[in-house]
Amino acid sequence: ILEIAPGHGRWTRFLKDRCERLVTVDLSSQCIDTCRRRFAADGHIEYHVNDGRSLAMVEDGSIDFAFSFDSLVHADADVIEGYVGQLAAKLRPDGVAFI
């Protein structure tokens, strides 16, 4: 699972128990640090701070499910276009995204 903009982990707490690997990506280092502390016992979570536009740290074709809820509403259209434009490459052929 790829979670874009997890914030303080409101949805991460549910997603983490439904996958073998959870990749979290957020513009805010504070949010990533909070999640890293909150979910320290969960060794299958990756944490990445990005520029708010790029998913370069996520391997192409490696994601079954991409998720972002109630966070991109705060983003400008070009940010959303950047993420959505990269999602197809990050998803496996049968992968889905809930944005």
[atom2] on [Y] to [atom1] on [X], rounded to 0.5 Å:
| X | Y | atom1 | atom2 | value |
| --- | --- | --- | --- | --- |
| His48 | Glu3 | NE2 | CD | 12.5 Å |
| Ile1 | Thr24 | CD1 | OG1 | 11.5 Å |
| Cys31 | His8 | SG | NE2 | 4.0 Å |
| Leu2 | Tyr83 | CG | OH | 9.0 Å |
| Thr12 | Phe39 | OG1 | CZ | 5.0 Å |
| Asp26 | Tyr47 | CG | OH | 12.5 Å |

Closest contact, heavy atoms only, [X] versus [Y]:
| X | Y | answer |
| --- | --- | --- |
| Val58 | Ser62 | CG1-OG, 3.8 Å |
| Ser68 | Ala5 | OG-CB, 4.5 Å |
| Arg13 | Arg10 | NE-O, 3.2 Å |
| Leu27 | Val49 | O-CG1, 3.7 Å |
| Leu87 | Ala97 | CD1-CB, 4.1 Å |

Checklist entry - So, does Asp42 use its side chain to make a donor-acceptor pair with the main chain of Ile45 at under 3.5 Å? => result no
Checklist entry - So, Asp76 side chain and Asp78 main chain: donor-acceptor pair closer than 3.5 Å or not? => result no
Next on the checklist: Over 60° means perpendicular and under 30° means parallel, so tell me whether Phe69 and Trp11 are parallel, tilted or perpendicular.
Outcome noted: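 The arrangement is perpendicular - the two ring planes meet at more than 60°.
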Next on the checklist: Just checking Glu59: does its CD atom have more than 12 heavy atoms from other residues, nucleotides or ligands closer to it than 6.0 angstrom?
Outcome noted: no
Next on the checklist: Please identify which of these residues, Arg21, Arg36, Lys16, meets the salt bridge (Lys or Arg N to Asp or Glu O under 4.0 Å) condition with Glu46.
Outcome noted: Arg21
